[in-house]
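Atoms within a ligand are numbered from 1 in the order they appear, just like the ligands themselves.
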Amino acid sequence: MSYDENNIFAKILREEIPCKKVYENEYALAFHDINPQAKLHILVIPKGKYISFADFSKNASKDEIEGFFKAVGKIAEEQHLVKNGYRILANHGVNAGQEVPHFHVHIFGNQTLGPMISKS
Ligand code: AMP
């Protein structure tokens with residue numbers, strides 16, 4: 001499977017469609033999810049063209065991986081999530097229901113988050 005240049009997050013990175021940006025560095029862009037599943041729901045995406053976590057973890061450079069995950073941690077700090085806790089999640093592929101084929105990490109916070117995984 002090759003990277004789809006027309007996926008929605010690629011368009012956000014190219015600034016063809018808007019997003020509610022919360023953070024940006026050389027390696028990552030973060031913005032509010034358009035359909036939030038928690039009181040705070042942020043998406044963090046790498047600037048590089050990676051389809052999923054499998055692609056990113058295998059093919060991204062050490063600098064990209066470090067820059068990306070440091071951004072996730074920094075956003076959690078900046079959003080004051082560290083003291084009370086938060087959840088990060090990445091869906092890979094069909095079983096996880098990944099909708100957008102550009103790797104992304106969800107950050108959920110500002111509430112009690114309930115069980116880790118749905119039983120359904
Ligand atoms: P996933 O199911 O892990 O691929 O998650 C994709 C997420 O992207 C969902 O939570 C969607 O609500 C979110 N999403 C889709 N389009 C946009 C958009 N234009 N701006 C912000 N979030 C979006």
Give the atom numbers and elements of ligand 1 that come within less than 4.0 Å of a heavy atom of Val100.
4 (O), 6 (C)
Passing candidate, side chain to side chain donor-acceptor pair (under 3.5 Å) with Lys47, options Glu26, Glu64, Glu24:
Glu24
Any side-chain to backbone donor/acceptor pair from Glu99 onto Gly97? Under 3.5 Å, distance only.
no
For Asp33, the ligand 1 atoms whose distance to one of its heavy atoms is below 4.0 Å
7 (C), 8 (O), 9 (C), 10 (O), 11 (C), 12 (O), 13 (C), 22 (N)
Over all heavy atoms of both residues, which pair between Leu40 and His32 is shortest? Give the atoms and the distance, please.
CD1-CE1, 3.8 Å
Is it true that Tyr86 and Gln79 share a donor-acceptor pair across their side chains at a distance under 3.5 Å?
no
Give the residue and atom name of whichever protein heavy atom lies nearest to atom 19 (N) of ligand 1, and the separation in Å to one decimal.
Ile8 CG1, 3.8 Å
Numbered atoms and elements of ligand 1 in range of Glu99, under 4.0 angstrom, heavy atoms
1 (P), 2 (O), 4 (O)
Measure the distances from the heavy atoms of His106 to every atom of ligand 1 and state whether one is below 4.0 angstrom.
yes
Run the numbers for me: atoms of ligand 1, each under 4.0 Å from some heavy atom of Asn35, listed by number.
12 (O)
If you define the side chain from C-beta out and look only at heavy atoms, does anything of Ile45 sit under 4.5 Å from Phe31?
yes
With the threshold set at under 4.0 angstrom, would you say Cys19 reaches ligand 1 through any of its heavy atoms?
no
Near Leu43, which atoms of ligand 1 are under 4.0 Å from a heavy atom of that residue?
8 (O), 13 (C), 22 (N)
Which residue and atom name correspond to the protein heavy atom nearest atom 23 (C) of ligand 1, and how close is it?
Ile34 CG2, 3.5 Å
For Phe31, take its heavy atoms, then give the atoms of ligand 1 lying under 4.0 Å from any of them.
21 (C)
Counting only heavy atoms closer than 4.0 Å, does ligand 1 sit against the backbone of Phe9, its side chain, both, or neither?
side chain
Just jot down the ligand 1 atoms closer than 4.0 angstrom to any heavy atom of Asn91, in number order.
1 (P), 2 (O), 3 (O)
Hey, does the side chain of Glu78 reach the backbone of His80 with a donor-acceptor pair shorter than 3.5 angstrom?
no
Could you tell me which atoms of ligand 1, counted from 1 in the order shown, lie closer than 4.0 angstrom to a heavy atom of His32?
21 (C)
Validation row, ring centre His104 to ring centre His102 under 6.0 Å
no
Quick one: closest heavy-atom pair of Asn110 and Lys39, and the distance?
O-CD, 3.5 Å
Determine, for Glu66 against Lys62, whether the closest basic-nitrogen to carboxylate-oxygen distance falls under 4.0 angstrom.
no
Among Gly97, Pro101, Ser52, which one has a heavy atom closest to atom 2 (O) of ligand 1?
Gly97
Pair Tyr50 + Phe103: ring centers closer than 6.0 Å
no
So, 4.0 Å and heavy atoms of His104: is ligand 1 close enough to count as a contact?
yes
